[in-house]
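Worksheet: the structure to be examined is printed underneath.
All of these numbers come straight from a predicted model, not from anything done at the bench.
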Amino acid sequence: GNSVADDKVMLGLKKAMGDIAADPNKLEAAIMLFHKASHAVKTSQVGQKLLERATNLEALWRWQLSCATVGEELKNTIKSVLLNEAKLNGQEPDTSSEEAPHDLAELSRLAKEAATFGDELRFEAVEALEVVNR
């Protein structure tokens, strides 16, 4: 009956919350399954607390993933800009090339995005702005 399915839904949600890879998509899928559980489970105090914790954890995992992605993009773009500067070292920059301004525009965009992650990407954001403002 319903109780077996409900048990599986609750267990699935608990397992997804304990995912060592912290995969927000797996947790989202488990949350969606929870919403298909019986009314009794969905409205129970235990079910509501579990759902709240799972929803908060999913948001945290998505934030961490975004932070890591932006941090990686920022590091790669800083590296790219610095490599371009090294190539041009001692030479006048070729103003017909759109590569450098594009890299700087991208670096500036990423620096602003990194700033939204506060202390997590503060060093990278400051480094990027210093490179852009040279």
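Scanning all heavy atoms of the two residues, the minimum distance from Ala115 to Ala125 falls at N-CB, 4.2 Å. Listed here is the closest heavy atom pair of Cys67 and Glu120: SG-CB, 3.6 Å. Shown here for Ala111 and Leu74, the closest heavy-atom pair between the two residues is N-CD1, 3.9 Å. Considering all non-hydrogen atoms of both residues, Val9 and Ala37 come closest at CG1-CB, 4.0 Å.
Partners of Ala30 by side-chain contact (heavy atoms from CB on, under 4.5 Å), not counting sequence neighbours, listed by chain and number: Leu13, Ala16. By the side-chain contact (heavy atoms from CB on, under 4.5 Å) test, Leu60 pairs with Leu57, Gln64, sequence neighbours left out. Legend: residues meeting side chain to side chain donor-acceptor pair (under 3.5 Å) with Asn133, ordered by chain and number and at least two apart, are absent. Qualifying side-chain contact (heavy atoms from CB on, under 4.5 Å) partners for Thr116, counting only residues two or more places apart in sequence or in other chains: none. Take Lys75 and apply the salt bridge (Lys or Arg N to Asp or Glu O under 4.0 Å) test, not counting sequence neighbours, and it matches Glu124. With sequence neighbours excluded, the residues that form a salt bridge (Lys or Arg N to Asp or Glu O under 4.0 Å) with Glu28 are Arg62.
Linking Ile, Leu, Val, Met, Phe, Trp and Tyr whenever their side-chain heavy atoms come within less than 4.5 Å leaves Leu82 and Val126 in two separate clusters. Linking Ile, Leu, Val, Met, Phe, Trp and Tyr whenever their side-chain heavy atoms come within less than 4.5 Å leaves Leu33 and Val46 in two separate clusters. Both Ile78 and Val132 are part of a single hydrophobic cluster, where members link through side-chain heavy atoms under 4.5 Å apart.
Side-chain atoms of Ser108 do not come within 3.5 Å of backbone N or O of Leu104 as any donor-acceptor pair. Gln48 contributes a side-chain N or O that, together with a main-chain N or O of Lys42, makes up a donor-acceptor pair within less than 3.5 Å.
Residues in residues 63-74 take part in these salt bridge (charged side-chain N to carboxylate O under 4.0 Å, His left out) pairs, two or more places apart or across chains: Glu73-Arg109. Evaluation of the salt bridge (charged side-chain N to carboxylate O under 4.0 Å, His left out) test over residues 11-26, restricted to residues two or more places apart or in two chains, returns none. Residue pairs meeting the ring-ring contact (aromatic ring centres under 6.0 Å, His included) criterion with at least one partner in residues 15-35, sequence neighbours excluded, are absent.
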Legend entry - side chain to side chain contact (heavy atoms under 4.5 Å, CB included) assessment of Leu27 paired with Met17: CA-CA 6 Å; Leu27 190 49; Met17 290 171 66; 3.6 Å; yes

Inset, instruction - Would you check, one step at a time, whether the test side chain to side chain contact (heavy atoms under 4.5 Å, CB included) holds for Val41 with Ser38? - result: CA-CA 5 Å; Val41 166; Ser38 71; 3.5 Å; yes

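Applying the 4.5 Å side-chain rule to ILVMFWY residues, one finds that Phe123 remains a lone member of its cluster. Members clustered with Trp63: Val70, Phe117, Leu121, by chain and number, using a 4.5 Å side-chain heavy-atom cutoff among hydrophobic residues.
Once rounded to the nearest 0.5 Å, the distance linking CG of Leu107 with OG1 of Thr77 reads 6.5 Å.
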